[in-house]
Amino acid sequence: VQTCALPIYSGVTVSGSYSQNKGATANATSNSEYTRWSTGIGYKVGAVNLKANYMKMDVKNSSAVTISNNKTYGVGAEYQADAKNLVSVAYYDSKNDKNSSGANISGDTSKTWIISDEYSLSKRTVLYATYSNNKGGTNFSQAADMLYTSAGKTNNVTQVGIVHKF
């Protein structure tokens, strides 16, 4: 996996990543090929950090037929409310236009909203809370999803926790 983030101008950051795996993957059978890349940009103005990104993932089966062609667009913002409190909101729109046999499909989509808050108790300990809402399209499959749901259904997830870095 290759990842880089470069500050271009004051307040602007550009990032990118690429990964490739041949063999068994989480979404595919053995002897498949999984390729993912992403690019993003961030712009910080005072206490607000605006972000946008694009991610693309392809999975090919052992016959080199594309069985997943996932594209995801994302936008978001972070607000540093004070030295200890970071509030974030993000929206992701995903689409996959291939089924498991490689045929073209439509409606394999997901639309996801996420809002979160992180509160630092110390340099090494953070409390967090996250709420996400994910709606699957009419032909939804897990190939176009970041937070699993079912076709035509909405999945709401609430998470709370604590992270301590040793």
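Since we're looking at a predicted model, the values are computed, not measured.
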If you measure only the distance, is there a donor-acceptor pair under 3.5 Å linking the side chains of [X] and [Y]?
X   : Y   : answer
N70 : N96 : no
S94 : T72 : yes
N69 : K95 : no

Looking at Y131, I'd like to know if its OH atom is crowded, meaning that more than 12 non-hydrogen atoms belonging to other residues, nucleotides or ligands lie closer than 6.0 Å.
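Yes.
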
Are E33 and Q20 close enough that some pair of their side-chain heavy atoms sits under 4.5 Å apart?
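Yes - at least one pair of side-chain heavy atoms lies under 4.5 Å apart.
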
Report yes if some heavy atom in the side chain of Y34 is under 4.5 Å from a heavy atom in the side chain of S19; otherwise report no.
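Touching, per the 4.5 Å side-chain cut-off.
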
Please find the pair of heavy atoms, one from [X] and one from [Y], that lie closest to each other, and give the distance.
X   : Y   : answer
Y43 : N49 : O-OD1, 3.4 Å
L86 : Q80 : CD1-OE1, 3.6 Å
D82 : N85 : OD1-N, 2.9 Å

I'd like to know if the side chain of D58 and the backbone of T35 have a donor-acceptor N/O pair within less than 3.5 Å.
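No, D58 side chain to T35 backbone: no donor-acceptor pair under 3.5 Å.
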
Any sub-3.5 Å donor-acceptor pair from R124's side-chain atoms to H164's backbone N or O?
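No; zero donor-acceptor contacts below 3.5 Å.
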
Taking atom [atom1] of [X] and atom [atom2] of [Y], what is their separation to the nearest 0.5 Å?
X    : Y    : atom1 : atom2 : answer
L121 : L127 : CG    : CG    : 4.0 Å
S88  : I115 : OG    : CD1   : 8.5 Å
K84  : Y119 : NZ    : OH    : 4.5 Å
S116 : Q159 : OG    : CD    : 9.5 Å
T112 : Y91  : OG1   : OH    : 8.0 Å
K165 : K123 : NZ    : NZ    : 12.5 Å

K111 pairs by side chain to side chain donor-acceptor pair (under 3.5 Å) with which of N133, D93, N134?
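Looking at N133, D93, N134, the match for K111 under the side chain to side chain donor-acceptor pair (under 3.5 Å) is D93.
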
Let me check something: do V48 and V89 share a hydrophobic cluster, defined by ILVMFWY side-chain heavy atoms less than 4.5 Å apart, either directly or through other members?
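No.
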
Same apolar cluster (I L V M F W Y, side chains within < 4.5 Å links), V157/V160:
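No: no chain of side-chain contacts under 4.5 Å links V157 to V160.
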
